[in-house]
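Contents: one structure, followed by commentary.
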Amino acid sequence: MTRIEAVRYRPVLDSRGNKTVEAEVTTDSGGFGRAAAPSGASTGEHEAVELPVEEAIAAGREHVAPRLEGREFAGDQRGVDSALHAADGTEDFSEIGANAAVATSMAAAKAAADVLGVNTYQHLGGAFRGRNFPTPLGNVLGGGAHAEDATAIQEFLVAPTGAPSVRQAVFANAAVHARVKEILEEDGVPAAKGDEGAWAPSVDDATAFDVVAEAADDVADEFGFDVQLGLDMAAAECYDGDEYAYGDDRRSTEEQIEYVAGLVAEYDLAYVEDPLDENDFEAFAELTDRVGDETLVCGDDLFVTNTERLQRGIDEGSANSILVKPNQIGTLSDAFDAIELATRNGYDAVVSHRSGETEDATIAHLAVATDAPFIKTGAVGGERTAKLNELIRIADEA
Ligand SMILES: C=C(OP(=O)(O)O)C(=O)O
Ligand SMILES: [Mg+2]
């Protein structure tokens with residue numbers, strides 16, 4: 001097997017115009033991989049640590065590159081990711097930065113795939129992957145931490161659960177995004193876009209539900225398959241330790257559970273992410289008990305792609321789905337472990353982008369490599385379509 005020859009770092013821009021870490025890995029047989037770290041805005045309290053970009057790059061050059069160059073076999077992803085942990089030496093990548101770690105981990109995977117002459121998803125998932133594709137969850141309207149003066153709920157998502165192909169699913173989500181804009185225009189509501197390209201009008205959540213439900217119904221009729229709704233409620237952002245504050249509404253934990261259960265029934269929600277605070281495994285379990293047969297209750301800030309937190313959730317019945325963001329945990333191996341633990345326990349994995357993204361499309365490969373049933377990566381915008389178009393290409397080739 002071929003060895004890693006060089007690991008290089010540079011600062012590049014993400015979709016918010018912030019600097020982020022890009023890594024390049026070359027191998028002694030001419031393999032090449034390049035990847036960049038994404039960045040969150042509504043980050044979970046228990047996520048691995050993102051360092052300031054210059055610090056992360058300096059740490060990568062000083063501590064990571066010497067451990068990989070000339071030493072690690074390019075195809076040994078676990079070996080590469082163990083070397084990243086060894087270079088860091090902490091539980092949360094606070095020494096080298098999860099941004100340096102994840103960019104290196106993903107670049108190494110791509111370099112190895114290049115050496116082997118296969119797609120990244122085949123290198124990561126093996127010869128038998130590439131038959132199943134994730135249903136894309138598309139953010140079409142939202143606010144919260146992703147846009148000023150917009151909805152209190154962070155993301156109104158569409159889930160084309162009836163789509164016959166990933167391509168049709170991707171096109172349906174884009175069509176809902178376009179239809180949402182038309183409905184807002186008909187209603188005389190101006191709307192700019194939030195961080196992920198979703199419309200960010202200054203409307204209350206009840207109005208947003210009506211607009212998105214109408215748009216999804218119209219597109220379902222046009223495309224001839226089911227297009228359901230989903231939410232990311234990013235509840236930790238709205239919880240003050242006592243109450244949930246969404247716009248002018250204040251709710252106790254019990255009232256929040258009641259409210260979410262009501263939404264699931266009223267809008268036939270296929271998916272509800274972070275409906276409760278990131279430390280309240282118990283309230284999550286209460287809600288999952290009530291609505292877990294009808295919808296996916298997904299932990300993002302609750303689990304932060306961390307197998308220990310996921311195991312606690314499994315033990316307590318806190319959810320039935322996990323959001324998987326490689327940069328929350330720092331390496332592809334750790335993200336893989338979270339998906340495998342989830343799958344073995346009947347949890348649906350949702351591989352996810354961050355609100356700050358780049359053209360990097362590794363998560364599309366990760367989703368296909370693990371047979372993840374869902375991917376959340378926006379509906380429109382170059383940094384989002386990079387992943388969606390990659391899925392279309394993979395499906396075309398597979
Ligand atoms: C994608 C999300 O946002 P961020 O990247 O800001 O955490 C999310 O909360 O699921
Ligand atoms: Mg979330």
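None of the values given here were measured: they were computed from a predicted structure.
- In this structure a side-chain-to-backbone donor-acceptor pair under 3.5 Å is missing from E359 to G382.
- The salt bridge (Lys or Arg N to Asp or Glu O under 4.0 Å) pairs that include a residue from residues 368-378 are R129-D371, E155-K376, D232-K376, E273-K376, where partners are two or more places apart or lie in different chains.
- Under the 3.5 Å distance criterion, the side-chain polar atoms of N320 are matched with a main-chain donor or acceptor of G292.
- With hydrogens and angles left out, the side-chain atoms of Q77 and S105 include a donor and acceptor closer than 3.5 Å.
- If you check the side chains of E278 and H46, you find no donor sitting under 3.5 Å from an acceptor.
- For E182, the side-chain contact (heavy atoms from CB on, under 4.5 Å) test picks out R179, E186, with sequence neighbours left out.
- Using modelled atom types and a 3.5 Å distance limit, the side chains of T207 and D204 yield a donor-acceptor pair.
- For the pair R250 and Y244, the cation-pi criterion (under 6.0 Å, within 45° of the ring axis) is not fulfilled.
- For the pair N327 (side chain) and P38 (backbone), a donor-acceptor distance under 3.5 Å is present.
- The side-chain contact (heavy atoms from CB on, under 4.5 Å) search around E95 returns D88, T90, not counting sequence neighbours.
- Between H85 and D334, the side chains place a donor N or O and an acceptor N or O closer than 3.5 Å (distance only, hydrogens not considered).
- The closest side-chain donor-acceptor pair between T20 and D14, if any, does not fall under 3.5 angstrom.
- A donor and an acceptor atom, one from each side chain of D360 and T358, are nowhere located under 3.5 Å apart.
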